[in-house]
Every structure is written in C-alpha cells, then in structure tokens.
J.: 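One structure coming up, written as structure tokens, with questions to follow.
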Amino acid sequence: PEYCRRVPSVDSSAEIQRMLRECSCVVGMHPDQAAEAIVDFGLRMGVPFACVPCCVYQKEFPKRKLQGGAQVKSYEQLCVYLQAKNSKLIGIAELPFEGRNKVVYLKPSALHNI
C-alpha cells in the first residue's frame with residue numbers, strides 16, 4: 001500500500017548521524033540491549049521516546065544498579081532503573097497485552113523541561 005514506505009538504505013555513519021539528529025521520536029519495541037540507549041538518547045537530545053523493554057541482560061550490563069545499590073536483575077527492576085534516570089521526566093505505563101508490556105516513555109509535559 002502507499003502508506004507503507006521502505007526504509008531507505010544507509011550508506012555512511014554520517015547519514016546515520018543526520019537521521020538521528022533529525023528524528024522526531026524514538027520507539028523501541030522489545031529492543032533487547034538497546035533499551036537504555038533509547039532512553040539516554042531521548043533525554044540527551046530532547047526527543048520524545050517510548051520503549052517497551054524486554055530482556056534484562058544482567059550479565060552484559062553489570063554496572064546497572066538501582067538507587068539502593070542492588071544490581072538490576074529482573075524486568076521490573078529494569079523498568080524502574082530506566083525511569084530513575086529522570087523520574088520527573090520519565091513515566092511508566094502498562095500496555096493492554098500480555099507479556100512484557102510496560103512502556104517507559106518521556107512524559108509529554110517533559111518536552112518543555114529538557
């Protein structure tokens with residue numbers, strides 16, 4: 001259909017950087033190891049984001065710690081950890097489907113505070 005467009009191929013890191021600078025939002029649906037990068041990028045660039053994290057990958061990210069110092073080991077802890085990056089700006093909501101269904105997102109009111 002016409003409303004479906006192919007994603008253009010990217011030939012250089014400069015093109016990737018341009019696309020990221022110009023994006024209007026970042027969305028991650030079960031992005032595996034990229035969940036934290038999506039949140040960090042959105043906060044750093046002032047871009048709205050929504051991320052539905054899935055796997056915790058605690059062995060790959062041993063430096064992820066909760067505010068009390070405990071290592072992030074569970075899905076629930078990962079969501080809390082991501083929100084704690086800036087709890088005034090980041091919200092968590094539950095989506096209406098089964099499984100890993102929590103979305104970590106930049107609150108709409110936060111766009112004025114970044």
J.: Consider only side-chain heavy atoms of I, L, V, M, F, W and Y, link residues closer than 4.5 Å, and tell whether Leu66 and Val39 are in one cluster.
T.: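 Yes, because Leu66 and Val39 connect within a single hydrophobic cluster, where side-chain heavy atoms sit under 4.5 Å apart.
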J.: For Pro53 and Leu78, which heavy atoms make the closest approach, and how far apart are they?
T.: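 Looks like CB-CD2, 3.8 Å.
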J.: Quick check on the hydrophobic clustering: are Ile38 and Val27 connected, directly or via other members, by side-chain heavy-atom contacts under 4.5 Å?
T.: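 No.
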J.: For Phe97 and Asn101, which heavy atoms make the closest approach, and how far apart are they?
T.: O-ND2, 2.8 Å
J.: Just so I know, are the side chains of Val56 and Phe61 near enough to count as touching, which here means a heavy-atom distance under 4.5 Å?
T.: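 No, their side chains stay 4.5 Å or more apart.
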J.: Atom CZ of Phe49 and atom CG of Leu89: how far apart are they, to the nearest 0.5 Å?
T.: 8.0 Å
J.: I want to check something: taking the side chain as every heavy atom from C-beta on, are Cys23 and Phe41 in contact at a cut-off of under 4.5 Å?
T.: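 In contact.
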J.: Distance check, rounded to the nearest 0.5 Å: Ile90 atom CD1 versus Cys51 atom SG?
T.: 10.5 Å
J.: Report all side-chain donor-acceptor pairs from residues 28-35 shorter than 3.5 Å, counting only partners two or more places apart or in another chain.
T.:
from  : atom 1 : to     : atom 2 : distance (Å)
His30 : NE2    : Arg100 : O      : 3.1
Asp32 : OD1    : Tyr57  : OH     : 3.4
Gln33 : NE2    : Glu60  : OE1    : 3.1

J.: Only pairs at least two apart or in different chains count here, so list each salt bridge (Lys or Arg N to Asp or Glu O under 4.0 Å) that has a residue in residues 61-80.
T.: Glu36-Arg64, Glu76-Lys102
J.: Roughly how far apart are Lys59 NZ and Gln71 CD, rounded to 0.5 Å?
T.: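 Here the rounded value is 10.5 Å.
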J.: For Asp40, what residues pass the side chain to side chain donor-acceptor pair (under 3.5 Å) criterion, not counting sequence neighbours?
T.: Lys85
J.: Return all side-chain donor-acceptor pairs below 3.5 angstrom for residues 13-21, not counting sequence neighbours, or 'none' if the list is empty.
T.:
from  : atom 1 : to    : atom 2 : distance (Å)
Glu15 : OE1    : Arg18 : NE     : 3.4
Glu15 : OE2    : Arg18 : NH2    : 2.6
Arg18 : NH1    : Glu22 : OE1    : 2.6

J.: Which residues satisfy the side chain to side chain donor-acceptor pair (under 3.5 Å) test with Gln58, sequence neighbours excluded?
T.: none
J.: Does Leu106 belong to the same Ile/Leu/Val/Met/Phe/Trp/Tyr cluster as Leu82, with side-chain heavy atoms less than 4.5 Å apart forming each link?
T.: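 Per the 4.5 Å side-chain linkage, Leu106 and Leu82 are co-clustered.
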J.: In this structure, would Val52 and Val104 fall into the same cluster of hydrophobic residues linked by side-chain contacts under 4.5 Å?
T.: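 Result: no, two separate clusters.
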J.: Do you know which two heavy atoms are closest between Ala50 and Val103, and how far apart they sit?
T.: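 In this case the closest contact between Ala50 and Val103 is CB-CG2, 3.9 Å.
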J.: Please tell me whether Leu43 and Tyr81 are part of a single hydrophobic cluster in this structure, the criterion being side-chain heavy atoms less than 4.5 Å apart.
T.: yes
